[in-house]
Amino acid sequence: MLGRVRAGATLFLPNEDEMRRYEPEQIEKKWQNVWAREGAFNVANPEPADVDADVPRTYVLEMLPYPSGELHMGHVKNYTLGDVVVHFRRRNGEKVLRPMGYDAFGLPAENAAIREGGHPRAITERNIAAIRAQMRRMGWAIDWDRELSTHNPDYYRWTQWLFLKFYEKGLAYRREAPVNWCPVDQTVLANEQVIDGCCERCGAEVEQKSLEQWFFKITEYADRLLDEMDLLESWPERVLTMQRNWIGRSHGAEVRFRIADLDIDVPVFTTRSDTLFGATFFVLAPEHPLVAELVQGTAREGEVMDYVRQAAGRTTVERASAEREKTGVDTGRTITNPVNGAELPIWIADYVLLEYGTGAIMAVPAHDERDHEFATTFGLEIRQVVEPADGAAVELPYTDKSTDARALNSAEFSGLPIPEAIDGITAWLEERSLGEATVHYRLRDWLLSRQRYWGCPIPIVHCESCGTVPVPMDELPVLLPEIEDYVPKGRSPLAAAEDWVATSCPACGAEARRETDTMDTFVDSSWYFLRYADAHCDTLPVRREIVDYWAPINQYIGGVEHAILHLMYARFFTKVMNDLDLVGFREPFLRLFTQGMIYRDGAKMSKSKGNVVPPDALIDEFGADALRLYILFMGPAEDDVEWQDSGIEGTSRFLGRLWRVVHEVVDSESAGRASVASEGPLFHTAHETIAKVSDDLGRRFQFNTPVASVMALVNEISKAPDSPGARFACETAVSLIQPYAPHVAEELWERLGHERLWEHSWPAADASMLEHDTFELVVQVNGKVRDRAHVATGLDKDALVSMAISLPKVQSHLEGREVRKTIVVPDKLVNIVVG
RNA sequence: GCCGAAGUGGCGGAAUUGGUAGACGCGCUGGACUCAAAAUCCAGUGAGGUUCGUCCUCGUGCGGGUUCGAGUCCCGCCUUCGGCACCA
């Protein structure tokens, strides 16, 4: 760079301007090397004596990346956000753990291997190397000594270990069950991975299939997943709401209806036991096991069974969306209502779902929209048993269940407000053993088996005589076998590794076969954040005293798209591990921040849309610091924002201006123009900026406005680089921008004659500098601003009012009118109300 | 349908406790420097009016309301986005 020759020009020696141009490439490399060499952001695990020591510690974590090709803008935003928090907290004296890893198992690598050849491991590791290099180029303050990847046997050994612990506790079990099957990916999906009846990954319409599968009993933790939300410090309300909806707890009663002819009881679940007297028919889901028995040998058998077959042929999507018109068929049977002995006709209809409640309902058309629609379609009786508290006539269905409504035509319960009627009728049923209060959930158990190659093997052996037998803990890890062909054929590709599959039973020694399913990758990512605490431990997933020192995570940051899946699974794992005494806390993430997405041309950035902005190209052109600044300056971090190419030019210009201003001030000092004064407008502005940035980062968790205030400070310095406060203001600007632009900040800090800004404590605003001798008094007449005046602070109300009234512009608005009232906000505003 | 969030200049956004709407940035216009360009710097930039006065009126999705004063609080709508959805 130095001394380059320009065509047709005289030989240039680098002049001062050239040496001092802001060239991000060199300085970013320089400081990245320093930090890497020093392990500047590594933190040691505590020695036993330190555990109780009074050093404030913080665990800041962003969701780990899936190593798909390279880093995208969402990653840049996520990790830069975390980086600002890390630097801010470090410089505020906290010991901060901030690790990084890769969620390395999963379908995309396997599909790429099928498409392009090669081993999923090779593809994954190549991607990891690329991402790691990009992360270093971004200059993120990461403790690289704790790096992990979920596909390494050192890691998945402990995933398997945890699976076996869950198994021992009865929380991992195998059963045949109707499952969601993706015909394209040729694997099963958890309920959480089915979106509108389609595969979350590939969008194919999901089919139902019956298979032997492994499940985690997450339903056993449904109440704790809901109730322990109280332990969280700060989660976005909408994420909590999404989880609550997903768990879907509903309180009600199970009521037994009796089919006298067949001598059987059929339970139903209802949240409205108050409406039992209004039940006029009864409906079973088409898949309900009793259906065949009900109609066997009756005149209706053919018609009913035809309907059942039709319903079975309908996909989830059709059943949910296509025709909302109610269909159904009468079985000709009746069932007895336990509260009044009424005989109700039994129908079969697909608006009743086998998966929810008991797969059977009592239908109350007067007070339920769906039952009402069905009754109207098929001409069934509608019997009103709830009315408004004032007895007014209402249109049916009438679904109010608050105290504004009361029971009607309900024997001794008539007249009771609905909440009391619900309790009363439920108690009445319990006394007679006809039903009891129960709770139902929407949440289903977590289906974790996958019929794919690139995942963590399930450490189980199937033995003819012993059944499912866990692989002994000391034989872990069960290594993923090498195979040739990853193409899914409806069974797990692992089944092809015959030498691997064939084994002996750990219990009886007989010939046995290994489980060939692998685990859902969400299992891997449900505990990785704990492993970071003790990343190299080879006796346990993590040692209790170490994990309890760091975790739970103080600040977790990631995309809202994980609001349900990852975040709920991770909470479940943590709770189970707490019950197993492996960790001393019940919630993994005390504070959660969900960042918004980055759009371009109105759409999410994606290769197929061709609207991707690759971070590398921007780093080449503007440097990592300008990119880091822009990604956070764009708008509130939690909002979705539109990428604008010209935006990064703005933050790049800002860094250039900061660079020049610092050099001007340094030059000005060496020319002897420095002043030792400690008063002047720049001191005030600098201290105000410190206060503003500290408050935004520390209390408000707001990342865009600090950049704006530092920009304003730099603008002010550049207007008066010779003024007394210029050096202090420059140092302040550099120090405050350091979490955002650590490389250029470090370089300028050095040129200002200091060193190691990343370890320098965060500046503190001097309260006396935040006070002013004068302020701008706003004068309103009838609430409209009419004038402003510079006035000494601390004046009393009367003084302010008389000063306000004396202003000529105010006078002209007061003319001839009577002052009725004056409102004074001290040191701020006077409002004169005139008639 | 239910639940949640959000609507502010040409654009991204700021306004923290009800007290100066539009900070900061982008874009645009004009100017300086330059043979020229880039870079940089200076000035202007919500709309309309205007006697060009840092003068007036209007202005934060729409309609009402509370208040001396509302982008901010209340009531009713509209739109957009996200989640759930025949959940009994």
Side-chain angles (χ1 to χ4, degrees), chain A residues 17 21 195-196 236-246 248-250 252-253 255 268-272 275 283 285 319-321 324-326 349-353 355-364 367-371 373-374 440-442 560-561 563-564 594 596-597 629-630 633-636 638-651 653-654 656-657 660 692 695-696 699-700 702 704-715 718-719 776-788 809 812 820-825 828-834:
Chain A
D17 286 350
R21 185 173 301 148
I195 312 292
D196 295 330
E237 196 50 48
R238 68 183 165 144
V239 173
L240 295 176
T241 304
M242 280 160 70
Q243 293 208 357
R244 275 190 209 105
N245 289 344
W246 190 262
R249 177 162 69 190
S250 84
V255 185
V268 300
F269 175 72
T270 179
T271 54
R272 295 293 307 273
T275 62
V283 189
R319 213 165 138 169
S321 64
R324 307 210 74 178
E325 201 160 293
K326 297 277 181 290
D350 67 2
Y351 82 92
V352 175
L353 309 171
E355 316 86 75
Y356 186 79
T358 62
I361 62 158
M362 63 159 187
V364 185
H367 306 293
D368 180 280
E369 308 236 355
R370 297 150 298 172
D371 297 346
E373 192 190 333
F374 193 84
H440 274 259
Y441 304 89
R442 210 192 74 101
V560 74
E561 65 274 18
I564 296 171
T594 51
M597 281 200 288
L629 267 173
Y630 177 54
F633 181 60
M634 284 173 84
E638 63 270 35
D639 289 1
D640 292 342
V641 278
E642 179 87 15
W643 177 268
Q644 288 183 340
D645 291 325
S646 55
I648 190 169
E649 291 168 27
T651 53
R653 266 196 284 263
F654 159 67
R657 195 154 60 243
R660 274 192 311 280
K692 164 76 177 159
D695 187 50
D696 281 352
R699 182 180 62 87
R700 300 178 73 206
Q702 187 161 309
N704 52 335
T705 45
V707 180
S709 29
V710 177
M711 283 174 168
L713 175 61
V714 172
N715 290 344
S718 71
K719 283 179 190 134
E776 192 175 51
L777 176 70
V778 173
V779 183
Q780 299 180 332
V781 177
N782 286 348
K784 287 189 175 168
V785 179
R786 293 304 179 187
D787 204 1
R788 300 156 221 258
K809 277 180 209 153
S812 71
R820 289 202 176 155
K821 192 172 175 184
T822 55
I823 288 103
V824 179
V825 182
K828 196 160 215 169
L829 169 145
V830 170
N831 186 13
I832 300 161
V833 184
V834 294

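In what follows, every chain begins at residue 1, and chains take the letters A, B, ... in the order their sequences are listed.
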Which part of the nucleic acid, if any, lies within contact of [X], taking any heavy atom under 4.0 Å across all strands shown: a base, the sugar-phosphate backbone alone, or nothing?
X: A:Asn704; result: sugar-phosphate
X: A:Asn831; result: base
X: A:Lys719; result: nothing
X: A:Arg657; result: sugar-phosphate
X: A:Pro636; result: sugar-phosphate
X: A:Arg699; result: base
X: A:Asp639; result: nothing
X: A:Val641; result: sugar-phosphate
X: A:Val825; result: base
X: A:Glu369; result: nothing

Atom [atom1], compared across [N] and [M]: separation rounded to whole Å:
N: B:G53; M: B:G63; atom1: P; answer: 36 Å
N: B:G64; M: B:U45; atom1: C1'; answer: 35 Å
N: B:C58; M: B:G71; atom1: C1'; answer: 16 Å
N: B:G83; M: B:C77; atom1: C1'; answer: 23 Å

OP1 or OP2 of [N] sitting under 4.0 Å from any side-chain N/O of [X]?
X: A:Lys821; N: B:C68; result: yes
X: A:Arg370; N: B:C87; result: yes
X: A:Arg700; N: B:A15; result: yes
X: A:Lys784; N: B:G69; result: no
X: A:Arg653; N: B:C26; result: yes
X: A:Gln644; N: B:G10; result: no
X: A:Arg442; N: B:G83; result: no
X: A:Arg786; N: B:U54; result: no

>> Does any part of the side chain of A:Gln780, heavy atoms only, come nearer than 4.5 Å to the side chain of A:Ile823, both counted from C-beta?
In response: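 No, too far: nothing below the 4.5 Å cut-off.
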> Hey, are the side chains of A:Glu638 and A:Val560 touching, using non-hydrogen atoms and a 4.5 Å cut-off?
Replying inline: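 Side-chain contact under 4.5 Å: no.
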Partner of [N] by Watson-Crick or G-U wobble geometry, both contacts under 3.5 Å, or none?
N: B:C55; value: B:G49
N: B:C41; value: B:G31
N: B:U79; value: B:A6
N: B:A36; value: none
N: B:A88; value: none

> Using a distance-only test with no angle check, is there a side-chain donor-acceptor pair under 3.5 angstrom linking A:Arg442 and A:Asn245?
Replying inline: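 The criterion, which ignores hydrogens and geometry beyond distance, is not satisfied for A:Asn245 and A:Arg442.
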>> Has A:Asp371 got a side-chain atom pairing as donor or acceptor with A:Val364's backbone, closer than 3.5 angstrom?
In response: yes
> Which residue lies toward the 5' end of RNA chain B, A:Lys809 or A:Ser646, if each is placed at its nearest nucleotide?
Replying inline: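 This one resolves to A:Ser646.
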